[in-house]
Each structure stands twice: as structure tokens, then as C-alpha cells.
Amino acid sequence: MLVGKLNTHAESGTDMGQVQQAKKRRRERRNDLLNKYPFCYFCGGLNPATTIDHVPPEACFPKAYYPEEFEFPACFSCNQGARKHDQIFALYSILSDFDDQKFGNGPDRVRLDGLINAVKRNYPSAMPDFDAAKGIHRSGHIYTSQPVAYSAKTTPEMQEAAKFMEGKLTHALYLREVGKIMTPAHRFVAGIYQPQLDHTGALTEYFQNLLPNVTIGARPNIKAYGDRFRYMSGYKDAEDFFVFAAQFGRGCIIWGIVCGPGMRDPNIGPAGSMKPKAGGCGPDRTP
Ligand SMILES: [Zn+2]
């Protein structure tokens, strides 16, 4: 894992009246969502949805900065079964975000400090060893006197949480873009990478050329929302074929490819020879 330096200023404007309005809109959307999709998005549309799951997790964003309309109908066990992974992944996604602007003393800094404390307390072995992190003195081909980033060893719990989030985000964004729930007859492959690493440029270019639609997470009540979550996606109706690549700030990218029931297994781009998993896997069966 590469960790950006965390040392500059952030600014944001929040209007309290607009916050109330946003809350009301959120409540209405929640009711609409459970009426529209009575079954869980994550375990194959088999269990009734009784809760709203946030994907990406709320912990990835400062309080009140959760992007609008990333809420999904979930059964209780899919929602609850994800808590540990959600918190650990949130820490990973923020640590690997290279947007210096956000991590001075603004809301993102508060979120990051809160997450570090929470993960230390709840899942101490998931914390990367920052004391052992190595400074990277290079930007492109230029060597720098001060480190531009730190390389820290990703813990097994972080890898597990990232793997989990690949599956969860694939199910959520498929529903968001296609309007249907992934079933066990769907197959998918998904992955995560840091675009700052040297060998990943071709992958990012591949998705940029392939995917026509760009969605940028935002909240209308926050003027300077910043660059916190966005994704590119494409869908082919005839084959029920869906591809996306989502980025957390200027940090990690999660991608996924979903094949409809009638399609052969995906073997395009990064999917290569990866073994696809069945859709509707839920938190327990996501490898
Ligand atoms: Zn479920």
C-alpha cells in the first residue's frame, strides 16, 4: 500500500437548512427504495430487504459528506455482516488517497483520525505498521529530497476487507446502473489497485477507453464537496454485461465485470484468466 502525505488545508461550506432538507430527501428515498426493491441486493435477491446499506461505506467519508443516492436495499445479515470490513476498508481507502488538499485539519482529517482510533481499538491487528513504513523519494522520474509517499505493508485484514469491498461494490453499482439485482446466475470478477503504482497505468487507460459513463459522487448541500468518490461504467443490455471502475478520491480503484446468465465467462482486459464468482454471494461467501 502507498500512503500519501497528509499535511495541507481543506475548506468546505455547509448550510444547516440545507442539511435538514437533505435529511428529509434521504428518508423519502429510503422508503422509495425499499418499496421499489423489496429484496436484498447482495445475497441474490432471496432475502427480504429490511435495512439500507451504504456502499461505499459511510465511514469512507467525513460525517455529513456521504454522497447522495448510494443507498441499497439489504437484508439484516448482509448489512450487519459487513461492519468490520467496512471500517477497515474505510481506513485503507483514506490512507491511500493522495489528495493532499483534504487532509490538513478539515473534516477528512477528523474522519481519518477517528478511523485510526477505531481500528486500533476494534481490530488492532488490522493496523498497518507505520513505524516500519518506507519513504518514497521519487515522483515519476524525479527523485525528491522529501518523501512523496510512504510504502507500508498492507495487513491481511486490510486485504480481506478490500476483497470484500470488491464484491460488495460490484453488486451495488450493478443495481444502481442496471436497476436489477445480481443473482446466482450472474458471474463476476472484480479487483482493486492503486493507480500510483507504476505498473497500473495500462489498466486505468483500458477502463477510460472502454467505459462511456462517468458518475461523480456529491451532496448538493455542500458547495466544496471535492473529489471523494466517482466511477466510470458501461452496460450492454442484450448480454446483461456490466463493467465499472470506481475511485476513492485520488486513491484506490475498484473495478468489476458482470456477465449475465446467458454469457460466457468474462475474459476481457484485467479479467484475463481470473475465475469468476457467482452473483448474490453476500458477505459470508465472498472469498
Ligand atoms: Zn442479503
Side-chain angles (χ1 to χ4, degrees), residues 26-61 66-90 92-93 122-123 126 157-192 215 217 229 231 233 235 240-244 246 248 254-261 263 265-266 274-287:
R26 202 164 155 164
R27 235 184 356 257
E28 285 167 0
R29 262 206 321 279
R30 176 199 168 95
N31 292 338
D32 289 350
L33 195 65
L34 290 181
N35 287 334
K36 192 171 171 190
Y37 299 108
F39 293 99
C40 177
Y41 80 101
F42 197 15
C43 56
L46 300 172
N47 295 317
T50 52
T51 65
I52 299 290
D53 198 6
H54 291 82
V55 194
E58 286 181 291
C60 292
F61 304 87
Y66 192 75
E68 277 205 341
E69 297 179 16
F70 284 89
E71 292 145 353
F72 301 89
C75 70
F76 183 77
S77 87
C78 281
N79 203 342
Q80 291 301 303
R83 293 233 151 154
K84 176 183 177 186
H85 292 324
D86 281 359
Q87 193 169 75
I88 295 171
F89 176 78
Y92 173 82
S93 73
N122 299 332
Y123 316 107
E157 284 95 331
M158 271 191 167
Q159 286 169 20
E160 197 188 332
K163 197 109 219 82
F164 170 79
M165 203 53 62
E166 294 167 8
K168 184 162 156 154
L169 194 61
T170 302
H171 283 75
L173 294 185
Y174 177 84
L175 173 58
R176 193 176 198 272
E177 289 295 319
V178 181
K180 295 190 294 187
I181 286 172
M182 272 170 72
T183 69
H186 288 87
R187 279 145 305 122
F188 74 98
V189 289
I192 186 167
T215 304
F229 180 73
Y231 65 92
S233 67
Y235 180 62
D240 195 0
F241 179 63
F242 176 66
V243 183
F244 77 92
F248 293 78
I254 289 182
W255 60 268
I257 300 173
V258 179
C259 289
M263 262 186 91
D265 285 343
M274 282 172 77
K275 196 169 158 26
K277 301 166 206 160
C281 51
D284 294 330
R285 287 181 290 138
T286 303

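Whatever order the structure lists them in is the order used to number ligands and atoms, beginning at 1.
- When ring centroids are compared, Tyr41 and Phe72 come within the 6.0 Å threshold.
- A donor-acceptor contact shorter than 3.5 Å is absent between the side chain of His171 and the backbone of Ile181.
- One finds no salt bridge joining Glu160 and Lys163 here, because no Lys/Arg side-chain nitrogen approaches an Asp/Glu carboxylate oxygen to under 4.0 Å.
- A donor-acceptor distance shorter than 3.5 angstrom exists from the side chain of Tyr66 to the backbone of Pro56, with no hydrogens or angles considered.
- Shown are the protein N/O/S atoms under 2.8 Å from the Zn ion (ligand 1), given by residue and atom: Cys40 SG, Cys43 SG, Cys75 SG, Cys78 SG.
- Phe248 meets the ring-ring contact (aromatic ring centres under 6.0 Å, His included) test with Phe89, Phe229; sequence neighbours excluded.
- In summary, the aromatic rings of Phe242 and His186 are positioned with their centroids too far apart to meet the 6.0 Å limit.
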